[in-house]
Amino acid sequence: MIFGRLRSPQRRPTATGGTAATPILDWRHPRVLELLDEARDLDGRAFLIAAHRLVAARVRPVYAMNERRPVSTTLRLGQGSCSQRLALLEGLARGRGIPTRVRGLLLDGRFWHARLPRLRVLIPRHVILAWPEFLLGDRWVSVSELYGDLDALRAGGRFTNTAGETLFDAVARTAVDWDGATCPACDLSGHVRADLGFFDSRDDLFDEHGQTLCAPVRVPADLVMRRRAA
């Protein structure tokens, strides 16, 4: 694969998403169903916002590395990476009957240098990000627009990826804009090295492209990094 400029995700038109449980999105687990029950009276976008807030409150942000960790395990541990917390949000959405899919983005590892200045040497050159989308009515809505359209959210100021706020948390406040569709201050497209397209689930994305780190590196790195608050 050649990692160049941003490519159109339209080359994967068969990614229709779904509501089925998967090894990662194991929303049928009793622990996930219990959390799901806390927002049982809400639907659509209102449910997704409530679910996002529940995950933010219940799962402490850390630098975990295992992208294939089941969301029930993330909930049991009460901690997870930005990606693992996004996966839990997807699992809750599917459990509520809202189809989800993910957009695969290959990001420049330097995007995390400001957050981890002392660990720059350990940050991979490229990082695979599974960015969720939710089918509301007949329209796919990116998690970036969960709290409103990007033009309105950009008033919240830019996301700097420094300590104190993660991508998961930032979507509630500001425009997380991977396509350069808003103002220069919120434009994150310069960090995107390749658009991998849409996938029916994050399981499919990691089946096709693998995780950012290979297992011999990921396992010991995860043991260390998941103890660090994000």
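The structure presented is a predicted model; accordingly, all values stated were derived computationally and were not measured.
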Chemist: Given side chains that start at C-beta, do those of Leu107 and Trp112 come closer than 4.5 Å, heavy atoms only?
Modeler: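 They are in side-chain contact.
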
Chemist: Has the side chain of Asp203 got a donor or acceptor atom that lies under 3.5 Å from a matching backbone atom of Thr22?
Modeler: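 Judged by distance alone, no pair lies under 3.5 Å.
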
Chemist: Using every non-hydrogen atom in the two residues, find where Ile98 and Phe47 come nearest and quote the distance to one decimal.
Modeler: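 Closest approach of Ile98 to Phe47: CD1-CD2, 3.9 Å.
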
Chemist: Using side-chain hydrogen bond (donor to acceptor under 3.5 Å, both in side chains) as the criterion, point out the one residue from Arg193, His126, Arg125 that pairs with Asp108.
Modeler: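 Among the candidates, only Arg193 passes.
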
Chemist: Report yes if some heavy atom in the side chain of Ser144 is under 4.5 Å from a heavy atom in the side chain of Leu150; otherwise report no.
Modeler: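 Counting from C-beta outward, Ser144 and Leu150 do come under 4.5 Å.
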
Chemist: Which of these passes side chain to side chain contact (heavy atoms under 4.5 Å, CB included) with Val59: Leu88, Leu54, Leu89?
Modeler: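 So the option named by the test is Leu88.
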
Chemist: Of all heavy-atom pairs between Ser83 and Glu67, which one has the smallest distance, and what is that distance?
Modeler: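 Smallest interatomic distance, heavy atoms only, reads OG-OE1, 2.5 Å.
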
Chemist: Tell me every residue that passes ring pair (Phe, Tyr, Trp, His ring centres under 6.0 Å) with His29, counting only those two or more places apart in sequence or in another chain.
Modeler: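 Partners of His29 under the ring pair (Phe, Tyr, Trp, His ring centres under 6.0 Å) test: none.
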
Chemist: Which residue pairs satisfy the salt bridge (charged side-chain N to carboxylate O under 4.0 Å, His left out) criterion with at least one member in residues 142-154, sequence neighbours excluded?
Modeler: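 Output for this query lists Arg139-Glu145.
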
Chemist: For Ala130, give me all partners under side chain to side chain contact (heavy atoms under 4.5 Å, CB included), at least two apart in sequence or on another chain.
Modeler: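 Scan of Ala130 (side chain to side chain contact (heavy atoms under 4.5 Å, CB included), adjacent residues dropped) gives Val102, Arg202, Leu205, Phe206.
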
Chemist: Where do Gln84 and Thr74 land on the side chain to side chain donor-acceptor pair (under 3.5 Å) test, with the steps shown first?
Modeler: CA-CA 7 Å; Gln84 289 165 345; Thr74 296; 4.5 Å; no

Chemist: Going from CG on Leu135 to OG1 on Thr16, what distance comes out if it is rounded to the nearest 0.5 angstrom?
Modeler: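 Here the interatomic distance stands at 9.5 Å.
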
Chemist: To check you understand the geometry: which heavy-atom pair defines the closest contact between Ala87 and Leu25, and what is its length?
Modeler: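 It is O-CD2, 3.3 Å.
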
Chemist: Using every non-hydrogen atom in the two residues, find where Asp200 and Gly17 come nearest and quote the distance to one decimal.
Modeler: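 Closest approach of Asp200 to Gly17, heavy atoms only: OD1-N, 3.0 Å.
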
Chemist: Please list, chain by chain and in numerical order, all residues satisfying salt bridge (Lys or Arg N to Asp or Glu O under 4.0 Å) with Arg28, sequence neighbours excluded.
Modeler: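 In terms of salt bridge (Lys or Arg N to Asp or Glu O under 4.0 Å), with neighbours along the sequence ignored, Arg28 is linked to no residue.
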
Chemist: Just by distance, no angles: are the side chains of Thr160 and Thr162 close enough, under 3.5 Å, to form a donor-acceptor pair?
Modeler: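 Distance-only check passes for Thr160 and Thr162.
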
Chemist: Kindly write out the residues that satisfy side chain to side chain contact (heavy atoms under 4.5 Å, CB included) with Thr73, not counting sequence neighbours, or none if the list is empty.
Modeler: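 Residues passing side chain to side chain contact (heavy atoms under 4.5 Å, CB included) with Thr73: Arg69, Pro70, Arg76, Leu77.
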
Chemist: Show me the donor-acceptor pairs within less than 3.5 Å that the side chains of residues 30-37 make with the rest of the protein, sequence neighbours left out.
Modeler:
residue: Arg31; atom: NH1; partner: Ser72; partner atom: O; Å: 3.2
residue: Asp37; atom: OD2; partner: Arg40; partner atom: NH1; Å: 3.3

Chemist: Classify the ring geometry between His52 and Phe168 as parallel (under 30°), tilted (30 to 60°) or perpendicular (over 60°).
Modeler: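 Because their plane-to-plane angle is under 30°, the rings of His52 and Phe168 count as parallel.
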
Chemist: Check side-chain hydrogen bond (donor to acceptor under 3.5 Å, both in side chains) between Thr19 and all other residues, then give those that pass, not counting sequence neighbours.
Modeler: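 So Thr19 forms no side-chain hydrogen bond (donor to acceptor under 3.5 Å, both in side chains) with any residue.
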
Chemist: Taking C-beta and beyond as the side chain, do Phe199 and Arg101 meet within less than 4.5 Å on heavy atoms?
Modeler: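 A side-chain contact is absent here, since even the closest heavy-atom pair is not under 4.5 Å.
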
Chemist: Quick check against the 3.5 Å criterion: does Asp195 have a side-chain atom that pairs as donor or acceptor with the backbone of Leu105?
Modeler: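 Not confirmed, Asp195 side chain does not pair with Leu105 backbone.
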
Chemist: Which heavy atom in Val143 sits nearest to a heavy atom in Phe134, and how many Å separate them?
Modeler: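 Distance-wise, the nearest heavy atoms are CB-CE1, 3.9 Å.
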
Chemist: Using side chain to side chain contact (heavy atoms under 4.5 Å, CB included) as the criterion, list what pairs up with Asp187, not counting sequence neighbours.
Modeler: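 With sequence neighbours excluded, Asp187 shows a side chain to side chain contact (heavy atoms under 4.5 Å, CB included) to Ser189, given in chain and number order.
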
Chemist: Report the residues that fulfil side chain to side chain contact (heavy atoms under 4.5 Å, CB included) with Ala50, sequence neighbours left out, ordered by chain and then residue number.
Modeler: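 Residues passing side chain to side chain contact (heavy atoms under 4.5 Å, CB included) with Ala50: Ala39, Leu42.
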
Chemist: Heavy-atom count around Arg173 CZ within 6.0 Å, excluding the residue itself: above 12?
Modeler: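 Atom CZ in Arg173 is packed in, count exceeds 12.
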
Chemist: Quick one: pull up CG in Asp169 and OG1 in Thr174 and give me the separation to the nearest 0.5 Å.
Modeler: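 If we round to the nearest 0.5 Å, Asp169:CG and Thr174:OG1 are 13.0 Å apart.
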
Chemist: Looking only at the side chains, is there a donor atom on one of Trp131 and Ser142 sitting less than 3.5 Å from an acceptor on the other?
Modeler: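 Yes, side-chain donor-acceptor contact under 3.5 Å.
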
Chemist: Do the non-hydrogen side-chain atoms of Phe111 and Leu167 ever get within less than 4.5 Å of each other?
Modeler: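 In contact.
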
Chemist: Who are the salt bridge (Lys or Arg N to Asp or Glu O under 4.0 Å) partners of Arg94, not counting sequence neighbours?
Modeler: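 Applying salt bridge (Lys or Arg N to Asp or Glu O under 4.0 Å) to Arg94 gives none.
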
Chemist: About how many Å separate SG of Cys186 and CH2 of Trp178, when rounded to the nearest 0.5 Å?
Modeler: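 So the CH2 of Trp178 and the SG of Cys186 are separated by 12.0 Å.
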
Chemist: So, the side chain of Arg103 versus the backbone of Phe198: is there a donor-acceptor pair under 3.5 Å, distance only?
Modeler: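 Judged by distance alone, no pair lies under 3.5 Å.
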
Chemist: List for me each residue that meets salt bridge (Lys or Arg N to Asp or Glu O under 4.0 Å) alongside Asp43, sequence neighbours excluded, and say none if there are none.
Modeler: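 Once residues adjacent in sequence are excluded, the partners of Asp43 under the salt bridge (Lys or Arg N to Asp or Glu O under 4.0 Å) criterion are Arg96.
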
Chemist: Within the side chain of Asp179, is there an N or O that forms a donor-acceptor pair under 3.5 Å with the backbone of Ala181?
Modeler: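 No; zero donor-acceptor contacts below 3.5 Å.
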
Chemist: Mind checking what makes salt bridge (Lys or Arg N to Asp or Glu O under 4.0 Å) contact with Arg53, not counting sequence neighbours?
Modeler: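 With neighbours one apart ignored, the set is empty.
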
